[in-house]
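Computed over heavy atoms, backbone and side chain alike; hydrogens, waters and symmetry mates excluded. Each ligand, and each atom within it, is numbered from 1 in the order the structure gives.
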Amino acid sequence: MQFEPLNTWLPEVASPLIIAGPCGAESFDQLMRTAKELKETNKISLFRAGVWKPRTRPNAFEGRGEEALKWLVEVKKEFGFKITVEVANAHHTELALKYGIDVLWIGARTTVNPFSVQEIADVLMGTNTPVMVKNPIHADLQLWLGAIERVYNSGITKIAAIHRGFHFYGKTKYRNKPLWQVPIELRTLFPGLPIICDPSHISGNHELISSVAQKALDLGMNGLMIESHYDPSIALSDAEQQLTPKKLDELISNLVLRKQSSDDPETTDKLLELRKIIDEIDDELMNVLKKRIQIIEEIGAYKKEHDITIFQLERWQEILRTRGQWADKMGISRQHIEKICQLLHEESIRIQNGLMNS
Ligand code: PEP
Ligand code: MN
(Lines give C-alpha, C1' and ligand atoms only; values in the text may rest on other atoms or scores of the structure.)
(Ligands and ions follow the chains in the order given, each with its own letter.)
Protein backbone atom coordinates (compact mmCIF):
# COMPACT_ATOMS: atom_id res chain seq x y z
CA MET A 1 0.00 0.00 0.00
CA GLN A 2 1.22 3.50 -0.89
CA PHE A 3 -0.18 6.31 1.24
CA GLU A 4 -0.11 10.06 0.68
CA PRO A 5 1.81 11.96 3.35
CA LEU A 6 -0.32 13.81 5.88
CA ASN A 7 0.83 17.27 4.74
CA THR A 8 -0.71 16.67 1.30
CA TRP A 9 -4.22 16.48 2.76
CA LEU A 10 -4.10 18.26 6.12
CA PRO A 11 -2.94 21.85 6.55
CA GLU A 12 0.16 21.97 8.74
CA VAL A 13 -0.91 24.88 10.89
CA ALA A 14 1.60 24.19 13.62
CA SER A 15 3.92 21.48 14.75
CA PRO A 16 2.92 18.96 15.96
CA LEU A 17 -0.15 18.55 13.82
CA ILE A 18 -3.22 18.86 16.03
CA ILE A 19 -6.78 17.69 15.45
CA ALA A 20 -9.09 19.08 18.12
CA GLY A 21 -12.72 19.69 18.91
CA PRO A 22 -15.38 18.33 21.20
CA CYS A 23 -16.15 14.67 21.72
CA GLY A 24 -19.67 15.34 20.48
CA ALA A 25 -21.40 18.13 18.57
CA GLU A 26 -23.98 19.10 21.19
CA SER A 27 -25.40 22.39 19.95
CA PHE A 28 -24.68 25.13 17.46
CA ASP A 29 -23.49 27.41 20.26
CA GLN A 30 -21.21 24.82 21.80
CA LEU A 31 -19.54 24.20 18.42
CA MET A 32 -19.16 27.87 17.55
CA ARG A 33 -17.79 28.80 20.93
CA THR A 34 -15.33 25.89 21.05
CA ALA A 35 -14.25 26.50 17.45
CA LYS A 36 -13.71 30.22 18.10
CA GLU A 37 -11.48 29.53 21.09
CA LEU A 38 -9.59 26.82 19.22
CA LYS A 39 -9.09 29.16 16.26
CA GLU A 40 -7.46 31.67 18.62
CA THR A 41 -4.78 29.15 19.55
CA ASN A 42 -3.57 29.08 15.93
CA LYS A 43 -2.53 25.49 16.37
CA ILE A 44 -5.37 23.43 14.95
CA SER A 45 -5.15 21.67 11.57
CA LEU A 46 -8.52 19.94 11.66
CA PHE A 47 -11.70 20.44 13.70
CA ARG A 48 -13.29 17.25 15.02
CA ALA A 49 -16.77 16.57 16.42
CA GLY A 50 -18.78 13.40 16.84
CA VAL A 51 -22.16 13.68 15.17
CA TRP A 52 -23.20 10.08 15.76
CA LYS A 53 -21.84 8.83 19.09
CA PRO A 54 -21.47 5.10 19.63
CA ARG A 55 -22.33 4.73 23.32
CA THR A 56 -21.76 1.69 25.46
CA ARG A 57 -25.17 1.92 27.17
CA PRO A 58 -28.45 3.14 25.68
CA ASN A 59 -30.05 6.41 26.80
CA ALA A 60 -26.71 8.23 26.81
CA PHE A 61 -26.11 11.21 24.50
CA GLU A 62 -25.96 9.70 21.02
CA GLY A 63 -25.18 12.80 18.98
CA ARG A 64 -27.36 15.20 17.01
CA GLY A 65 -26.97 13.51 13.61
CA GLU A 66 -27.62 15.37 10.37
CA GLU A 67 -28.55 18.61 12.11
CA ALA A 68 -25.04 18.78 13.55
CA LEU A 69 -23.53 18.39 10.08
CA LYS A 70 -25.27 21.67 9.17
CA TRP A 71 -23.68 23.35 12.21
CA LEU A 72 -20.28 22.04 11.17
CA VAL A 73 -20.71 23.55 7.72
CA GLU A 74 -21.17 26.89 9.55
CA VAL A 75 -18.05 26.30 11.66
CA LYS A 76 -16.11 25.70 8.46
CA LYS A 77 -17.47 28.89 6.87
CA GLU A 78 -16.89 31.04 9.94
CA PHE A 79 -13.41 29.85 10.95
CA GLY A 80 -11.98 28.22 7.84
CA PHE A 81 -11.32 24.91 9.59
CA LYS A 82 -11.28 21.63 7.73
CA ILE A 83 -13.78 19.33 9.45
CA THR A 84 -13.73 15.68 10.46
CA VAL A 85 -16.56 13.50 11.80
CA GLU A 86 -16.91 9.84 12.73
CA VAL A 87 -18.86 7.58 10.39
CA ALA A 88 -20.05 4.14 11.41
CA ASN A 89 -22.14 2.99 8.43
CA ALA A 90 -22.99 3.72 4.80
CA HIS A 91 -25.76 6.18 5.70
CA HIS A 92 -23.45 8.31 7.87
CA THR A 93 -20.88 8.28 5.09
CA GLU A 94 -23.38 9.41 2.44
CA LEU A 95 -24.51 12.27 4.66
CA ALA A 96 -20.96 13.33 5.52
CA LEU A 97 -20.12 13.47 1.80
CA LYS A 98 -23.33 15.38 1.08
CA TYR A 99 -22.34 18.09 3.58
CA GLY A 100 -18.77 18.30 2.29
CA ILE A 101 -17.04 16.99 5.40
CA ASP A 102 -13.33 17.06 4.58
CA VAL A 103 -12.02 14.04 6.47
CA LEU A 104 -13.87 11.02 7.89
CA TRP A 105 -12.83 8.82 10.75
CA ILE A 106 -13.84 5.29 11.57
CA GLY A 107 -14.25 4.73 15.31
CA ALA A 108 -12.81 1.94 17.43
CA ARG A 109 -16.18 0.20 17.71
CA THR A 110 -16.62 0.22 13.94
CA THR A 111 -13.12 -0.91 12.99
CA VAL A 112 -13.92 -4.21 14.73
CA ASN A 113 -16.71 -4.93 12.24
CA PRO A 114 -15.56 -5.76 8.69
CA PHE A 115 -19.14 -5.47 7.35
CA SER A 116 -19.47 -1.89 8.57
CA VAL A 117 -16.02 -0.93 7.35
CA GLN A 118 -16.76 -2.46 3.95
CA GLU A 119 -20.03 -0.58 3.51
CA ILE A 120 -18.28 2.69 4.39
CA ALA A 121 -15.50 1.87 1.92
CA ASP A 122 -18.08 1.06 -0.78
CA VAL A 123 -19.71 4.48 -0.42
CA LEU A 124 -16.29 6.15 -0.63
CA MET A 125 -15.25 4.27 -3.77
CA GLY A 126 -13.62 6.65 -6.24
CA THR A 127 -13.86 9.78 -4.03
CA ASN A 128 -10.37 9.74 -2.45
CA THR A 129 -11.91 11.32 0.65
CA PRO A 130 -9.31 11.21 3.46
CA VAL A 131 -10.09 8.61 6.11
CA MET A 132 -8.59 8.07 9.55
CA VAL A 133 -8.97 4.58 10.97
CA LYS A 134 -8.95 4.17 14.73
CA ASN A 135 -7.55 0.98 16.18
CA PRO A 136 -10.12 -1.65 17.14
CA ILE A 137 -10.97 -1.68 20.87
CA HIS A 138 -8.87 -4.79 21.43
CA ALA A 139 -5.25 -5.17 20.41
CA ASP A 140 -5.78 -6.96 17.10
CA LEU A 141 -3.34 -5.53 14.57
CA GLN A 142 -4.76 -7.69 11.77
CA LEU A 143 -8.22 -6.25 12.26
CA TRP A 144 -6.82 -2.71 12.24
CA LEU A 145 -4.87 -3.47 9.07
CA GLY A 146 -7.90 -5.14 7.51
CA ALA A 147 -9.97 -1.98 7.95
CA ILE A 148 -7.19 0.12 6.44
CA GLU A 149 -6.98 -2.28 3.49
CA ARG A 150 -10.74 -2.15 2.89
CA VAL A 151 -10.57 1.66 2.72
CA TYR A 152 -7.45 1.55 0.55
CA ASN A 153 -9.10 -0.90 -1.84
CA SER A 154 -11.72 1.77 -2.55
CA GLY A 155 -9.02 3.86 -4.15
CA ILE A 156 -8.32 5.97 -1.07
CA THR A 157 -4.67 6.84 -0.53
CA LYS A 158 -5.21 9.62 2.01
CA ILE A 159 -5.34 7.37 5.05
CA ALA A 160 -4.07 7.76 8.60
CA ALA A 161 -4.26 5.35 11.50
CA ILE A 162 -5.38 6.69 14.87
CA HIS A 163 -3.97 5.04 17.96
CA ARG A 164 -6.58 5.43 20.74
CA GLY A 165 -5.49 2.64 23.08
CA PHE A 166 -6.98 -0.76 23.84
CA HIS A 167 -9.60 -2.05 26.20
CA PHE A 168 -8.10 -3.76 29.21
CA TYR A 169 -10.03 -5.82 31.73
CA GLY A 170 -8.23 -5.17 34.97
CA LYS A 171 -6.60 -2.36 36.90
CA THR A 172 -4.87 0.32 34.88
CA LYS A 173 -4.46 4.06 35.22
CA TYR A 174 -5.59 4.47 31.62
CA ARG A 175 -9.09 4.35 30.22
CA ASN A 176 -7.60 2.35 27.36
CA LYS A 177 -4.12 0.90 27.66
CA PRO A 178 -1.75 2.40 25.09
CA LEU A 179 0.16 -0.87 24.31
CA TRP A 180 2.67 1.18 22.32
CA GLN A 181 4.13 -1.93 20.72
CA VAL A 182 1.01 -2.27 18.54
CA PRO A 183 1.33 1.09 16.71
CA ILE A 184 5.10 0.50 16.56
CA GLU A 185 4.45 -2.80 14.79
CA LEU A 186 2.07 -1.01 12.41
CA ARG A 187 4.77 1.58 11.68
CA THR A 188 7.29 -1.18 11.04
CA LEU A 189 4.95 -2.89 8.56
CA PHE A 190 3.86 0.31 6.77
CA PRO A 191 6.43 3.07 7.32
CA GLY A 192 4.52 5.38 4.95
CA LEU A 193 1.23 5.23 6.87
CA PRO A 194 0.74 8.33 9.05
CA ILE A 195 -0.17 7.52 12.66
CA ILE A 196 -2.02 9.99 14.85
CA CYS A 197 -2.30 9.46 18.57
CA ASP A 198 -5.54 10.15 20.46
CA PRO A 199 -4.31 10.70 24.02
CA SER A 200 -7.80 11.71 25.16
CA HIS A 201 -9.33 8.24 24.77
CA ILE A 202 -6.17 6.54 26.03
CA SER A 203 -6.16 8.70 29.18
CA GLY A 204 -9.83 9.07 30.00
CA ASN A 205 -8.96 12.00 32.26
CA HIS A 206 -7.29 15.32 31.61
CA GLU A 207 -4.28 14.72 33.89
CA LEU A 208 -2.67 11.97 31.82
CA ILE A 209 -3.07 13.58 28.40
CA SER A 210 0.17 15.53 28.24
CA SER A 211 2.43 12.60 29.19
CA VAL A 212 0.70 10.31 26.68
CA ALA A 213 0.94 13.00 23.98
CA GLN A 214 4.62 13.53 24.70
CA LYS A 215 5.35 9.83 24.50
CA ALA A 216 3.47 9.57 21.19
CA LEU A 217 5.66 12.30 19.72
CA ASP A 218 8.79 10.69 21.12
CA LEU A 219 7.80 7.48 19.34
CA GLY A 220 7.55 9.36 16.04
CA MET A 221 3.79 9.63 15.69
CA ASN A 222 2.68 12.24 13.15
CA GLY A 223 0.02 14.13 15.03
CA LEU A 224 -2.41 14.25 17.93
CA MET A 225 -6.18 14.18 18.16
CA ILE A 226 -7.30 15.79 21.41
CA GLU A 227 -10.84 16.43 22.62
CA SER A 228 -11.63 20.01 23.56
CA HIS A 229 -14.82 21.67 24.81
CA TYR A 230 -15.22 25.30 25.83
CA ASP A 231 -16.53 24.03 29.18
CA PRO A 232 -15.74 20.32 29.75
CA SER A 233 -17.75 20.28 32.99
CA ILE A 234 -21.01 20.48 31.02
CA ALA A 235 -19.99 18.16 28.17
CA LEU A 236 -22.60 15.51 27.32
CA SER A 237 -19.95 12.85 26.70
CA ASP A 238 -16.35 12.26 27.82
CA ALA A 239 -16.45 15.25 30.19
CA GLU A 240 -13.50 14.03 32.32
CA GLN A 241 -11.06 13.90 29.43
CA GLN A 242 -11.89 17.07 27.52
CA LEU A 243 -9.68 20.14 27.78
CA THR A 244 -10.64 23.76 27.40
CA PRO A 245 -9.05 25.31 24.30
CA LYS A 246 -6.83 27.35 26.64
CA LYS A 247 -5.59 24.23 28.47
CA LEU A 248 -5.05 22.52 25.14
CA ASP A 249 -3.01 25.48 23.95
CA GLU A 250 -0.80 25.29 27.06
CA LEU A 251 -0.40 21.56 26.72
CA ILE A 252 0.75 21.86 23.10
CA SER A 253 3.14 24.68 23.96
CA ASN A 254 4.72 22.53 26.66
CA LEU A 255 5.35 19.53 24.40
CA VAL A 256 9.00 18.95 23.62
CA LEU A 257 9.62 18.44 19.92
CA ARG A 258 12.52 16.08 19.39
CA LYS A 259 14.14 15.31 16.06
CA GLN A 260 14.39 11.88 14.46
CA SER A 261 18.16 12.26 14.28
CA SER A 262 20.83 14.88 14.82
CA ASP A 263 22.98 16.72 12.22
CA ASP A 264 25.62 17.45 14.83
CA PRO A 265 28.54 15.01 14.25
CA GLU A 266 29.48 14.99 17.93
CA THR A 267 26.00 13.86 18.98
CA THR A 268 25.92 11.24 16.23
CA ASP A 269 29.35 9.89 17.26
CA LYS A 270 28.35 9.63 20.90
CA LEU A 271 25.18 7.74 19.97
CA LEU A 272 27.13 5.40 17.71
CA GLU A 273 29.55 4.70 20.53
CA LEU A 274 26.75 3.87 22.98
CA ARG A 275 25.01 1.71 20.39
CA LYS A 276 28.19 -0.29 19.89
CA ILE A 277 28.17 -1.08 23.58
CA ILE A 278 24.54 -2.18 23.28
CA ASP A 279 25.55 -4.45 20.39
CA GLU A 280 28.21 -6.04 22.58
CA ILE A 281 25.80 -6.51 25.48
CA ASP A 282 23.22 -8.10 23.16
CA ASP A 283 25.92 -10.45 21.92
CA GLU A 284 26.66 -11.43 25.53
CA LEU A 285 22.95 -11.92 26.15
CA MET A 286 22.72 -14.26 23.15
CA ASN A 287 25.55 -16.35 24.53
CA VAL A 288 23.89 -16.56 27.93
CA LEU A 289 20.57 -17.49 26.30
CA LYS A 290 22.27 -20.20 24.26
CA LYS A 291 23.76 -21.66 27.46
CA ARG A 292 20.33 -21.56 29.11
CA ILE A 293 18.77 -23.38 26.14
CA GLN A 294 21.43 -26.12 26.34
CA ILE A 295 20.59 -26.72 30.01
CA ILE A 296 16.86 -26.76 29.19
CA GLU A 297 17.55 -29.45 26.60
CA GLU A 298 19.40 -31.48 29.22
CA ILE A 299 16.52 -31.07 31.65
CA GLY A 300 14.04 -32.09 28.93
CA ALA A 301 16.02 -35.24 28.15
CA TYR A 302 16.27 -36.07 31.86
CA LYS A 303 12.54 -35.57 32.44
CA LYS A 304 11.75 -37.76 29.45
CA GLU A 305 14.00 -40.53 30.76
CA HIS A 306 12.35 -40.38 34.18
CA ASP A 307 8.77 -39.72 33.02
CA ILE A 308 8.48 -36.37 34.75
CA THR A 309 6.00 -33.72 33.51
CA ILE A 310 7.30 -30.61 31.78
CA PHE A 311 5.44 -28.04 33.87
CA GLN A 312 6.28 -27.87 37.55
CA LEU A 313 4.11 -25.29 39.31
CA GLU A 314 6.31 -24.90 42.41
CA ARG A 315 9.44 -24.35 40.32
CA TRP A 316 7.68 -21.77 38.15
CA GLN A 317 6.35 -19.93 41.22
CA GLU A 318 9.83 -19.97 42.73
CA ILE A 319 11.35 -18.51 39.54
CA LEU A 320 8.82 -15.69 39.44
CA ARG A 321 9.27 -14.91 43.13
CA THR A 322 13.08 -14.99 43.26
CA ARG A 323 13.62 -13.17 39.96
CA GLY A 324 11.19 -10.50 41.13
CA GLN A 325 13.21 -10.08 44.33
CA TRP A 326 16.48 -9.95 42.36
CA ALA A 327 14.99 -7.31 40.10
CA ASP A 328 13.97 -5.18 43.11
CA LYS A 329 17.44 -5.53 44.60
CA MET A 330 19.11 -4.49 41.36
CA GLY A 331 16.77 -1.59 40.68
CA ILE A 332 15.34 -3.17 37.52
CA SER A 333 11.60 -2.99 36.85
CA ARG A 334 9.96 -6.10 38.33
CA GLN A 335 7.33 -6.04 35.58
CA HIS A 336 10.01 -6.06 32.92
CA ILE A 337 11.74 -9.06 34.50
CA GLU A 338 8.44 -10.91 34.92
CA LYS A 339 7.70 -10.42 31.22
CA ILE A 340 11.13 -11.78 30.31
CA CYS A 341 10.62 -14.76 32.64
CA GLN A 342 7.27 -15.49 30.95
CA LEU A 343 8.97 -15.51 27.54
CA LEU A 344 11.84 -17.70 28.75
CA HIS A 345 9.42 -20.11 30.36
CA GLU A 346 7.25 -20.31 27.23
CA GLU A 347 10.31 -21.12 25.13
CA SER A 348 11.53 -23.64 27.69
CA ILE A 349 8.18 -25.47 27.54
CA ARG A 350 8.23 -25.40 23.75
CA ILE A 351 11.74 -26.91 23.65
CA GLN A 352 10.97 -29.59 26.26
CA ASN A 353 7.70 -30.48 24.55
CA GLY A 354 9.53 -30.92 21.25
CA LEU A 355 12.12 -33.13 22.92
CA MET A 356 9.72 -35.28 24.90
CA ASN A 357 7.01 -35.77 22.31
CA SER A 358 9.01 -36.06 19.12
C1 PEP B 1 -14.38 9.63 19.79
O2 PEP B 1 -13.38 9.96 19.16
O3 PEP B 1 -15.10 10.44 20.40
C4 PEP B 1 -14.70 8.20 19.90
C5 PEP B 1 -15.93 7.74 20.02
O6 PEP B 1 -13.60 7.47 19.94
P7 PEP B 1 -13.31 5.89 19.92
O8 PEP B 1 -13.89 5.37 18.65
O9 PEP B 1 -11.83 5.89 19.94
O10 PEP B 1 -13.91 5.32 21.16
MN1 MN C 1 -14.97 10.92 22.97
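Under a 4.0 Å heavy-atom criterion, G50 is not in contact with ligand 1. Not a single heavy atom of M225 sits under 4.0 Å from any atom of ligand 1.
Around atom 5 (C) of ligand 1, the closest heavy atom drawn from M132, E86, R55 belongs to E86. Between the choices R164, Q241, E227, the shortest heavy-atom distance to atom 10 (O) of ligand 1 belongs to R164. The residue among H163, R175, H201, H167 with a heavy atom at the shortest distance from atom 1 (C) of ligand 1 is H201.
Here is the list of ligand 1 atoms found below 4.0 Å of a heavy atom in R109: 10 (O). Of all atoms in ligand 1, numbered sequentially from 1 with element shown, those under 4.0 Å from a heavy atom of C23 are 3 (O).
A centroid separation of 6.0 Å or more is found between the aromatic rings of F47 and F79.
Of the possible polar contacts, none joining the K36 side chain to the E78 backbone as a donor-acceptor pair under 3.5 Å is found. Put simply, the side chain of T172 never gets that close to the backbone of K177: no donor and acceptor are under 3.5 Å apart.
Polar contact with ligand 1: absent for D238 (N/O pair, distance under 3.5 Å).
No other N/O/S atom of D238 lies as close to the Mn ion (ligand 2) as OD2 does. Within E227, the N, O or S atom lying nearest to the Mn ion (ligand 2) carries the name OE2.
Between W316 and H345, the angle of the ring planes stays under 30°, which puts this pair in the parallel group of the 30/60° scheme.
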